[in-house]
Amino acid sequence: MALDHLVRATCVRCGSHYGTQGLSTCPGCGIEGILDLEYDYDAVARTLTHESLRSRVGNQWRYLELLPVDGTREPPHPQVGMTPIYDVPRLAADVGVRALKLKDDGRNPTASFKDRASAVGVLKAREQGSDVIACASAGNAAASLAGFSAAMGLKSVIFVPERTPEPKVAQVLIFGGTVLRVKGSYDDAYAVCQDACARFGWYNRNCAVNPYLIEGKKTVGLELAEQLGEQLPDWVVLSVGDGCTLAGAWKGLWEMHRLGFISRLPRMLGVQAQGSAPLVDEFVRQEGSIRPVEARTLADSIAVGQPRNWRKALRAIRESRGAMLAVDDESILDAMRKTAQLAAVFTEPAGACAVAGLSRAVEQGIVGRDESALVVVTGNGLKDIRSATQASAQPINLPEDMAGLEQVLRARQLI
Ligand SMILES: *Cc1c(COP(=O)(O)O)cnc(C)c1O
């Protein structure tokens, strides 16, 4: 059913068109030639309406016409998407904008945004008859793929960099995934994974080269448009590693605009960590190429030194008249604490990076103090407790008597 609406795939580098099945990257451009799927929006608009949405499932499969999957197959059962959106006025005041909302994607089944893509990935693997699905991941895609493989009864093989936080590795293991720790960075893990998929014929979940997965990620944009309608804020803010997430969110918003669900589009603000900011660098230089870096940041989910989806991401920034900037690790930890204490959302550093970036954008006059914004919190804080502990106060060791307790409380001005 949904496959009927797919029209073609277009290479983001050379513009060549292809069919819509069995794709990876553009044969002419190789790894640089990431493909973008296009739908017959007039046909989609006939069945995807406010009216029809009212009676559909409360997860991302409600947008079936805009997903590249065979709608006759049973999707994985864990609830993906339709995550809550909160108004957070105290955090808004601290950041310096008129109004601020958070969309908490840490509420997805494996506690990150990546579930939107993995859910599509495991369905595509099944459609193509693969039993083994593989990916390279800084951590969240790994946990997510392992979870969704468990849901579908597939085997998952996951390549992670050495420094992946323990909770994410634990998630993969408990879901039964095979974890292969690669000596080196995410980029090293990525390279080994690509070679292994080619050699052993595994289904490749890497968002960079798999054009179907970004279609899952775009559901966050579809949801924002459906949930907020004309209340969409002036800016949508996301942290950026590879660039696929921001590009996906923009695609979803763009499609809902094309379908008439919203009458105007927000501007996109992409935020990177200073120690891993090749997209910000290219946003400033405008040279049409990317200069890879050795990624160094505690926000492990966005520590991508060699991004693959930079063309799609920078196109989204350009089309939306948006902006990009970078923030340092200290600001990220600071934003992590403030997001928890002023908005009651516990985010991992990558989500906090977007909050810190919004503050910086206000300071720099990119975002006006009279404007509104929404930050997508892309992952839950329990994913990286080391950073959470680093960002917060320490527990107090209590002496065993009341006098001791009073002394401690007085010192902290709690009594
Ligand atoms: C993957 C990820 C991102 C960034 O997505 P990219 O597609 O790499 O730009 C942001 N936050 C979290 C928590 C992630 O896991």
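Read the numbers this way: they start at 1 and go in the same order the structure lists the ligands and their atoms. Only this structure's heavy atoms are used, side chains among them; waters, hydrogens and symmetry mates stay out.
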Below 3.5 Å only, please: the N or O atoms of ligand 1 paired with protein N or O atoms, distance on each line.
{"from": "ligand 1", "atom 1": "5 (O)", "to": "Thr245", "atom 2": "OG1", "distance (Å)": "2.7"}
{"from": "ligand 1", "atom 1": "7 (O)", "to": "Lys217", "atom 2": "NZ", "distance (Å)": "3.3"}
{"from": "ligand 1", "atom 1": "7 (O)", "to": "Cys244", "atom 2": "N", "distance (Å)": "3.3"}
{"from": "ligand 1", "atom 1": "7 (O)", "to": "Thr245", "atom 2": "N", "distance (Å)": "2.9"}
{"from": "ligand 1", "atom 1": "7 (O)", "to": "Thr245", "atom 2": "OG1", "distance (Å)": "2.8"}
{"from": "ligand 1", "atom 1": "8 (O)", "to": "Asp242", "atom 2": "N", "distance (Å)": "2.8"}
{"from": "ligand 1", "atom 1": "9 (O)", "to": "Gly241", "atom 2": "N", "distance (Å)": "2.8"}
{"from": "ligand 1", "atom 1": "9 (O)", "to": "Asp242", "atom 2": "N", "distance (Å)": "3.2"}
{"from": "ligand 1", "atom 1": "9 (O)", "to": "Gly243", "atom 2": "N", "distance (Å)": "2.8"}
{"from": "ligand 1", "atom 1": "11 (N)", "to": "Thr378", "atom 2": "OG1", "distance (Å)": "2.7"}
{"from": "ligand 1", "atom 1": "15 (O)", "to": "Lys114", "atom 2": "NZ", "distance (Å)": "2.7"}
{"from": "ligand 1", "atom 1": "15 (O)", "to": "Asn140", "atom 2": "ND2", "distance (Å)": "2.8"}

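A side-chain donor-acceptor contact under 3.5 Å links Trp250 and Glu319. Between the side chains of Tyr190 and Gln306, no donor N or O sits under 3.5 Å from an acceptor N or O. Asp329 and Gln274 form no side-chain donor-acceptor contact under 3.5 Å, judged by distance and modelled atom types alone. With hydrogens and angles left out, the side-chain atoms of Thr10 and Asp36 include no donor and acceptor closer than 3.5 Å.
The side-chain heavy atoms of Thr219 and Arg62, taken from C-beta on, include no pair separated by under 4.5 Å.
Of the listed residues (Val172, Asn140, Asn380, Asp115), just one forms a side-chain contact (heavy atoms from CB on, under 4.5 Å) with Thr110, and that residue is Asp115.
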